[in-house]
Structure formats: C-alpha cells, structure tokens
Amino acid sequence: MARMREDSFNLIRRGGGRRGRAPFRAVLGLLVFVSVALLALSRLDHSYVRGARTTIAEAMAPVLSEVQAVAEPVRWLIEQARRHGDLSRRVEVLTRENQELESWKWRARELERQLGDLVRTARVVHEEKRPFITARVVATSTGAFVRSAMINAGRAQQVRVGYPVVNGDGLVGRIVDAGQGASRVLLVTDINSRIPVHIDTIETRALMVGDNGAHPRLIFQNDGASIMPGQPVFTSGVGGLFPRGLKIGEVVSTPAGLAVATKANLDSLEYLSVLFFASPALELTDQAGGSATARRAQATPIGGGGPLR
Amino acid sequence: MSLVRSVMPPLVFLAFAMLAAVPWGAASASGIIGPLLPAVVLHAMNSRSPGAVPEWLTFLGGLSLDALTQGPLGYFALVYLMAYVMAAMTPVSSNRLVSWLRYAPALVVVLATAWLVSSLYMLRAQDVMGYIEAGAVAFCAFPVLSWLLQPLTPAPVGPGAATYTRGAGL
C-alpha cells in the first residue's frame with residue numbers, strides 16, 4: 001500500500017533506488033502543469049503575465065549588458081563573415097548606385113536652390129528638431145511568436161510607450177513596454193505591427209502589416225495606386241503614432257503579394273535610437289499600454305515625468 | 001562528487017540559457033537555434049549524470065529565457081522540461097558515437113514538442129524547415145558540447161544508471 005502511494009506521488013520513476021537511479025519527482029509534473037498554465041495565460045495576454053515578463057526582463061537587463069561583452073567577439077566574427085560573403089555583390093550594387101547618384105547630384109542642387117527660394121518666399125515655419133537617445137540592444141526575441149528587441153533605456157531616460165525607434169538605416173519599430181531601465185521595441189516585422197505608409201509619392205498610401213516573416217506586407221493600397229518593386233516606402237504620419245517621412249525600405253514582390261524589404265537589418269540590431277515624438281495619440285498609448293512598472297513610474301515621475309515635448 | 005562538479009552543470013545550463021537571449025547578429029528561419037543549445041547542454045549533462053541539472057532549474061532557465069525574449073511565458077520552460085525527460089530516458093553509453101546516435105530520437109521529440117506547442121499557441125502550423133535547420137545544428141553541436149562539458153559533469157553512477165524503467169521502486 002505504501003509502495004502504491006509512493007508510486008502515485010512519483011509520476012514516473014527512473015529505476016530503483018537500490019541501483020542508484022533518481023526518480024522523476026512529482027515536482028516535474030507540477031512544473032509541466034505550471035508551464036502549460038503560463039502558456040494559456042500568455043495566450044490570453046493576462047496582465048499578470050505581462051507584468052511578470054517586464055519585471056523579469058528589467059531585472060535581467062543589467063546582467064545581459066555584461067553578457068554582451070562575452071558575446072561581442074563572436075558577434076564581430078559573424079558580422080565579418082557575413083560582410084565578406086556579401087562583398088562582391090555589395091560592390092556591384094554600390095557601383096551602380098554611384099552612377100545613378102552622379103546623375104542626380106546636379107538635379108538635387110538645383111532643387112535645393114529652388115526649395116530655399118520657396119521657403120523664403122512662403123515664410124515656412126521650420127520644424128523643431130526632434131530629440132532622441134541611443135541605446136544598446138541587450139536581448140532579441142526568438143521563436144515564432146514575436147519579433148522584438150530589448151534596449152537598455154527606459155522611463156529613467158524619458159522613454160515612453162509609443163515612441164518610434166530607428167537606426168542609421170531607417171525605422172525599426174516602436175516602444176511597446178517601458179520599464180525604469182529597459183524597454184521593449186516591437187519590430188516592424190512583428191505580427192502586431194501596423195504602420196500607415198506612403199510609397200514613392202505622397203499620393204500612394206497603404207498599410208504595412210507585419211507577419212513575423214522577413215518582409216511586412218502592404219495592404220489597403222488606395223484605389224488606382226501603381227506600386228512597383230523598388231519604390232521607396234516611408235511613414236505617412238496618418239494616425240499620429242509615427243512622424244511623417246521616416247524611411248522604412250523599398251517595395252518587393254513576394255509570392256504573398258507586395259511587401260516591404262526593410263532598409264534596416266533587423267537580424268543584427270546593435271544600437272537603436274528612440275525618437276522623442278510626442279503626440280496626443282502617443283500620450284493615450286503610453287497611459288493605456290503601460291505595464292505595472294510604467295504605472296508605478298507615472299505615479300512617481302523621474303526628472304519631472306510626463307511625455308517629452 | 002566535488003562541490004564544483006555539482007554546481008557547474010546548473011551554472012553552465014543557466015549561462016547557455018542567458019546567452020540564447022543575446023543578439024548574435026545571425027539570422028535564422030525559426031529563431032530557435034540559440035534557445036535549442038541549452039537543451040543540448042541539458043541532455044549532454046543529464047544523460048551522463050541524471051539530475052545534474054534539476055528539473056526546477058530547467059524550468060527556471062526556460063522561464064527566464066521566455067521573459068528575456070518576450071515570448072509567451074512557459075514555452076521554453078516546457079521545451080526544456082521535455083529535454084529533461086528525454087535525457088533521463090536515454091540510456092547512457094561510454095561510446096561517444098552511440099551516445100550521439102541515441103541523442104537523435106530525443107532531439108526529434110524535443111523539436112516536435114517545440115513545433116507543436118508553437119503551432120497550437122499561434123493557431124497555425126509553423127514552418128517546419130526552421131525547426132529542421134535548428135535540429136541539424138543541435139545534432140552537430142551535441143558531440144562537441146558533450147566533449148567540452150564532460151570534465152564538468154559528474155561521472156555516471158554505475159552500470160545500473162544506464163537504463164531507466166517505470167515503476168521500479170525499492
């Protein structure tokens with residue numbers, strides 16, 4: 001009887017104790033159950049799971065920053081190998097682009113002169129320069145679920161939910177979780193990313209929709225739009241979440257239809273810049289989408305608190 | 001078993017779990033190659049010395065990785081627990097080639113679990129090629145990691161540790 005009770009408690013036994021084999025303990029079954037329960041709660045996007053994820057990620061961010069130092073030589077080697085393999089193709093592309101740019105140079109100078117005249121004539125108000133901070137990517141997403149990156153800057157550095165994130169090549173994504181010292185960037189390729197864009201000219205508009213693949217798709221193009229592969233894609237500013245005119249990439253044709261090849265290489269992000277782009281829509285997003293940490297931070301703002309203007 | 005040999009396996013496993021979240025700059029179809037390496041480490045150490053990395057630490061390693069990579073909590077925890085079970089069910093062999101070959105079915109089960117859970121979570125079948133790619137890398141990495149980690153892993157308990165049977169209590 002005692003043996004039966006023991007066996008029912010030990011879900012699976014790994015052999016007999018006499019021969020020195022450790023049993024599978026009941027805790028294993030419990031842990032599997034907890035894992036499945038957490039998965040279910042994550043699927044429901046429960047606020048506790050969101051809060052726990054942000055708290056753990058924020059607590060681990062300093063450790064990850066240190067781990068980066070160990071990873072740096074390997075990362076450098078991978079980058080060098082990729083560059084070397086890509087070198088001949090890049091030279092060819094750059095030579096062709098250089099020829100095209102030479103022919104555009106004289107025209108750009110002429111347009112610049114004309115624009116200067118028009119600005120002076122129309123007395124156009126100059127746009128304010130947009131402040132930004134640059135932070136390091138300390139972790140990236142894995143698996144099929146999400147496309148995101150974690151940076152080592154948060155509310156302590158005035159980062160707020162909704163701020164656009166760019167690198168030297170163009171738009172990368174936007175802030176969706178902001179802790180005190182770390183934030184999460186939702187990449188433009190994520191399945192939850194929806195960005196209004198214009199293609200080539202301001203008249204051609206569409207919605208760029210991520211699908212966790214390499215190229216976000218273009219949907220809801222306006223009627224009569226003529227979109228061709230190779231045309232540049234920019235943010236349109238519609239909806240107020242992104243400023244107008246941020247470079248994203250260019251149109252490519254895929255089996256699923258028209259998509260966007262992002263100029264920024266989202267597989268090898270290292271440093272990202274967060275643009276302090278404040279708008280009424282962003283303030284609402286920051287207040288509604290903030291995690292428990294975010295709410296705590298709003299209650300006790302650092303450095304004056306509130307969105308930057 | 002020395003203190004170092006009992007402490008090192010959990011630390012190595014957690015270090016690999018941490019490194020899986022670091023951006024390496026290498027693209028992969030499924031993004032699971034990095035996170036699969038802690039499972040390889042777990043198998044290499046636990047199949048040689050059962051319980052070298054305990055199940056609760058396996059769970060914590062997976063959970064930390066889930067949080068750091070902003071994926072659903074519990075996913076890698078479940079995948080690593082499956083790797084733990086498969087490591088415990090794989091008979092130990094002193095022959096490296098046999099150990100390597102015996103790792104193949106365990107790897108297939110772990111990958112199938114990862115693919116199935118991910119497909120169920122997303123409510124659509126995931127691309128199998130990414131998992132096959134990750135499986136190939138993990139299979140090639142196993143003998144190397146197994147050899148590298150051998151000095152850190154406690155020696156097998158004895159000939160009896162080679163097989164595991166269900167329900168064989170005292």
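Throughout, protein chains are lettered first and strands after them, A, B, ... in sequence-line order, and every chain is numbered starting at 1.
Both the backbone and the side chain of Tyr121(B) come within less than 4.5 Å of a heavy atom of chain A. Both the backbone and the side chain of Val49(A) come within less than 4.5 Å of a heavy atom in chain B. The part of Arg184(A) that comes within reach of chain B is its side chain, from C-beta onward, which places non-hydrogen atoms under 4.5 angstrom from that chain. Looking at Ile191(A), only its side chain comes within 4.5 Å of chain B, counting heavy atoms on both sides. For Gln70(B), the parts sitting under 4.5 Å from any heavy atom of chain A are the backbone and the side chain alike.
A donor-acceptor pair under 3.5 Å is absent between the side-chain atoms of Tyr75(B) and the main chain of Phe145(A), judged by distance alone.
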Report the C-alpha separation of Ile56(A) and Leu68(B) in whole Å, then their side-chain angles, then the decisive distance to 0.1 Å, and conclude whether the side-chain contact (heavy atoms from CB on, under 4.5 Å) test is met. CA-CA 7 Å; Ile56(A) 296 173; Leu68(B) 289 174; 5.5 Å; no
Under the side-chain contact (heavy atoms from CB on, under 4.5 Å) rule, what do Asn212(A) and Gln126(B) come out as? Steps first, then yes or no, please. CA-CA 11 Å; Asn212(A) 283 358; Gln126(B) 297 298 305; over 6 Å; no
I would like to know whether Val85(B) and Leu28(A) meet side-chain contact (heavy atoms from CB on, under 4.5 Å); could you show each step before the answer? CA-CA 9 Å; Val85(B) 170; Leu28(A) 179 65; 3.7 Å; yes
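When every heavy atom of Met60(A) is checked against every heavy atom of Ser64(B), the shortest pair comes out as CE-CB, 4.4 Å. Across Ser35(A) and Leu81(B), no two heavy atoms sit closer than the pair OG-CD1, 3.8 Å. In plain terms, the two heavy atoms of Thr69(B) and Thr140(A) that are nearest each other are CG2-O, 3.5 Å.
For the pair Leu120(B) and Arg43(A), the minimum side-chain heavy-atom distance is 4.5 Å or more. In this structure, the side chains of Leu38(A) and Leu63(B) come closer than 4.5 Å at one or more pairs of heavy atoms.
Rounding to the nearest 0.5 Å places CG of Leu30(A) at 8.5 Å from CZ of Phe59(B).
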